[in-house]
A.B. asks: 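Mind looking over this structure? Questions follow.
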Amino acid sequence: MIRLTGFELKKILQKKIVWITFAIFLAFQLFLTCGSYFISSRYVDGKFLETKAEWFKTDRRNSERLSGRKIDDALLAEIEESKKYIPEKAGESESYEYLSSKKYNEKVRPYEEINRLVHYMAGGMENEENAGALAQEMLYSARHKTQEIVWDGYKLSKAEKEYWREQEKKLPEVFTYKYSGIYGNIIDMSGCYYICMFITFFIAICITGIFTDEHMRKTDQLVLCTKYGRWQNYSAKIMAGCIVTTSATLILYAITLICFLGIYGTGSFSAMVQVVASPLYPGSISAGKAALIMTALLFLSSVVLCIVTMALSEMLKSNTGTMAIVTAVAFLLARLVAVPSDFKFIGKIWNMIPINLLKADEGFFDLRLWNIFGIKFTLWQMAFVAYIIIGVIFFFIGKRKYCKYQVSGR
């Protein structure tokens, strides 16, 4: 079995399309994660302001200085004080003179990121009487009110709302801001999401031929004349495809981690996702834990999609048809088609497609729950079970089709 798997691996790795495709996607991932850091600059009013590297370093330094601070009255007062240095006239706050001034860089810029966070937590609420000033009690009260609006938008049932209210009670009354560093960026689009996107295309282009090539070249019967037989040959092909897919995912992920580590640093594993990715999320999960879960889902979904693709290619006996289905369903339709909230059941299934689930503002933090025998599961929790089941089902469907074809074929 090991020798047969090695033979199949050799066949895959000898294809130039595999190396060319992977090299292209690796270059894209490198560009998306760190390209702008090295080659881009900020220009305002046609004048050079700073390089992107300086921009990232400054924002990181400011975030690290605020890391560990509670988002309470004291910090909110500092944020409000910083707003006094922002020009009142429209357009002046985006001028070169202002953005390059000492006043902006020392008084306003250090609080910009956390100011956006506070604004989002409050649901965009502005206190007209106090020119936008927010007190601690007002902020968290506004957050709860905004949550209820979001929950209604999700069409959550009473039981689901009650579940999330119980989860909300586990959160501290006053949040602590922590710089998330590498963990926040794994959760972000440039992390697991883009890797999932590239691996989906890699599988569609490079894995579909593992079975169909032998049928097209009419060498399948010759291969099955060996002592290993149909079952071993099928298992070896599946294993080889999964090894190649996992290796490609691992390399892209490792390169991404190295880039993130160099640019953003490690950050805090315990940073709340509420101050990193989803301010209104009621679950008690840290950015580090969310990053680990997304990483596990990324690798599991890659293997399962690989198995599904190979099974489909055996069923269709067509590279092009399989490639079209995988690309259309696993990526294009999933990203281009938005399921209305009224179609709750379909929406939950749709957001469990890997390319949606690994997008933090969509599937991963989707509040709709699965109720299985009275036990409630979030979408990402249910995804682990669903992916494994789908992988096993398609594995045996492909096996049956492969073995039956060889027996009753030409």
Side-chain angles (χ1 to χ4, degrees), residues 33 56-76 78-79 110-122 136 139-140 143-144 146-147 163-193 195 253-254 256-299 357-367 377-381 383-384:
T33 53
F56 291 161
K57 288 177 182 178
T58 301
D59 287 348
R60 174 182 170 181
R61 184 168 57 250
N62 290 333
S63 297
E64 288 175 335
R65 286 175 180 172
L66 289 173
S67 187
R69 294 281 305 275
K70 289 186 178 297
I71 307 177
D72 54 12
D73 283 330
L75 182 55
L76 292 173
E78 292 180 27
I79 294 174
Y111 296 98
E112 278 188 334
E113 182 176 347
I114 198 166
N115 186 33
R116 286 191 293 268
L117 168 65
V118 168
H119 185 77
Y120 195 88
M121 284 174 62
Q136 173 184 317
L139 173 64
Y140 293 100
R143 177 177 174 272
H144 292 318
T146 307
Q147 281 180 317
Y163 172 86
W164 287 119
R165 290 189 185 105
E166 290 299 318
Q167 296 300 312
E168 179 72 20
K169 292 178 182 178
K170 298 178 182 179
L171 297 176
E173 292 184 2
V174 178
F175 293 170
T176 299
Y177 175 79
K178 290 183 179 180
Y179 176 64
S180 60
I182 190 173
Y183 306 110
N185 284 278
I186 292 174
I187 298 172
D188 193 25
M189 284 186 66
S190 55
C192 289
Y193 173 84
I195 297 175
Y253 187 80
T256 300
L257 283 187
I258 293 171
C259 293
F260 284 162
L261 188 62
I263 297 173
Y264 305 104
T266 54
S268 174
F269 184 91
S270 62
M272 301 171 63
V273 293
Q274 287 77 12
V275 301
V276 174
S278 184
L280 302 177
Y281 187 69
S284 57
I285 183 173
S286 68
K289 185 178 179 181
L292 290 178
I293 293 170
M294 276 193 169
T295 299
L297 287 169
L298 170 66
F299 280 91
L357 189 64
L358 294 176
K359 195 169 187 291
D361 60 346
E362 290 192 16
F364 192 81
F365 292 124
D366 194 319
L367 299 176
F377 297 93
T378 62
L379 264 60
W380 65 261
Q381 289 172 330
F384 281 105

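Throughout, residue positions are numbered sequentially from 1 according to the sequence presented.
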A.B. asks: Just jot down the salt bridge (charged side-chain N to carboxylate O under 4.0 Å, His left out) partners of Lys169, sequence neighbours excluded, or say none.
C.D. replies: Glu166
A.B. asks: Ignoring hydrogens, what is the shortest heavy-atom contact between Ala290 and Ile187? Give both atom names and the distance.
C.D. replies: CB-CD1, 3.7 Å
A.B. asks: Could you work out, with side-chain hydrogen bond (donor to acceptor under 3.5 Å, both in side chains) as the rule, every residue matching Thr33, not counting sequence neighbours?
C.D. replies: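 Here no residue qualifies.
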A.B. asks: What distance separates Glu112 CD from Asp59 CG, expressed to the nearest 0.5 Å?
C.D. replies: 7.5 Å
A.B. asks: I need the minimum non-hydrogen distance between Leu357 and Ala383, along with the two atoms involved.
C.D. replies: CD2-CB, 3.4 Å
A.B. asks: Can you tell me how far apart CG (Leu139) and CG (Leu76) are? Round to the nearest 0.5 Å.
C.D. replies: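 Rounded to the nearest 0.5 Å, the CG-CG separation comes out at 5.5 Å.
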A.B. asks: Test of understanding: with salt bridge (charged side-chain N to carboxylate O under 4.0 Å, His left out), list the residues that count as partners of Glu173, not counting sequence neighbours.
C.D. replies: none
A.B. asks: Output all residues satisfying ring-ring contact (aromatic ring centres under 6.0 Å, His included) with Tyr111, sequence neighbours left out; order by chain, then residue number.
C.D. replies: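 So Tyr111 forms no ring-ring contact (aromatic ring centres under 6.0 Å, His included) with any residue.
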A.B. asks: Is it the case that the side chain of Ser180 and the backbone of Tyr183 share a donor-acceptor pair, with hydrogens and angles ignored and the cut-off at 3.5 Å?
C.D. replies: no
A.B. asks: Less than 4.5 Å apart, side chain to side chain, heavy atoms only: is that true for Trp164 and Thr378?
C.D. replies: yes
A.B. asks: Looking at CD of Gln136 and CG of Asp72, how far apart are the two atoms once the value is rounded to the nearest 0.5 Å?
C.D. replies: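 Gln136 atom CD to Asp72 atom CG measures 5.5 Å (nearest 0.5 Å).
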A.B. asks: Can you tell me how far apart OH (Tyr140) and CE (Met121) are? Round to the nearest 0.5 Å.
C.D. replies: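 One gets 4.5 Å once the value is rounded to the nearest 0.5 Å.
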A.B. asks: Measure the shortest side-chain to side-chain distance between Leu379 and Phe364 over non-hydrogen atoms and say whether it is less than 4.5 angstrom.
C.D. replies: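 Counting from C-beta outward, Leu379 and Phe364 never come under 4.5 Å.
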A.B. asks: Output yes when a side-chain donor or acceptor of Arg69 lies under 3.5 Å from a complementary backbone atom of Ala74, and no otherwise.
C.D. replies: no
A.B. asks: For Asp188, check salt bridge (charged side-chain N to carboxylate O under 4.0 Å, His left out) against everything at least two apart and list the hits.
C.D. replies: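 With sequence neighbours excluded, Asp188 shows a salt bridge (charged side-chain N to carboxylate O under 4.0 Å, His left out) to no residue whatsoever.
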A.B. asks: Between CG of Leu66 and CD of Glu78, what distance do you get to the nearest 0.5 Å?
C.D. replies: 8.0 Å
A.B. asks: Can you tell me how far CD of Gln147 sits from CZ of Arg165, rounded to the nearest 0.5 angstrom?
C.D. replies: 9.5 Å
A.B. asks: Do the non-hydrogen side-chain atoms of Ser278 and Asp361 ever get within less than 4.5 Å of each other?
C.D. replies: no
A.B. asks: Using side-chain heavy atoms (C-beta onward) and a distance below 4.5 Å, is Ser63 in contact with Glu113?
C.D. replies: yes
A.B. asks: Of all the heavy-atom pairs spanning Leu117 and Pro279, show the shortest one and how long it is.
C.D. replies: CD1-CG, 3.7 Å
A.B. asks: Taking all atoms of both residues into account, what is the closest heavy-atom pair of Leu367 and Pro282, and its distance?
C.D. replies: CD2-CD, 3.6 Å
A.B. asks: Side chains of residues 257-276: which donor-acceptor pairs under 3.5 Å do they make with residues two or more places apart or in other chains?
C.D. replies:
{"residue": "Ser268", "atom": "OG", "partner": "Ser270", "partner atom": "N", "Å": "3.4"}
{"residue": "Ser268", "atom": "OG", "partner": "Ser270", "partner atom": "OG", "Å": "3.1"}
{"residue": "Ser270", "atom": "OG", "partner": "Lys178", "partner atom": "NZ", "Å": "2.9"}
{"residue": "Gln274", "atom": "NE2", "partner": "Tyr281", "partner atom": "O", "Å": "2.6"}
{"residue": "Gln274", "atom": "NE2", "partner": "Gly283", "partner atom": "O", "Å": "2.8"}

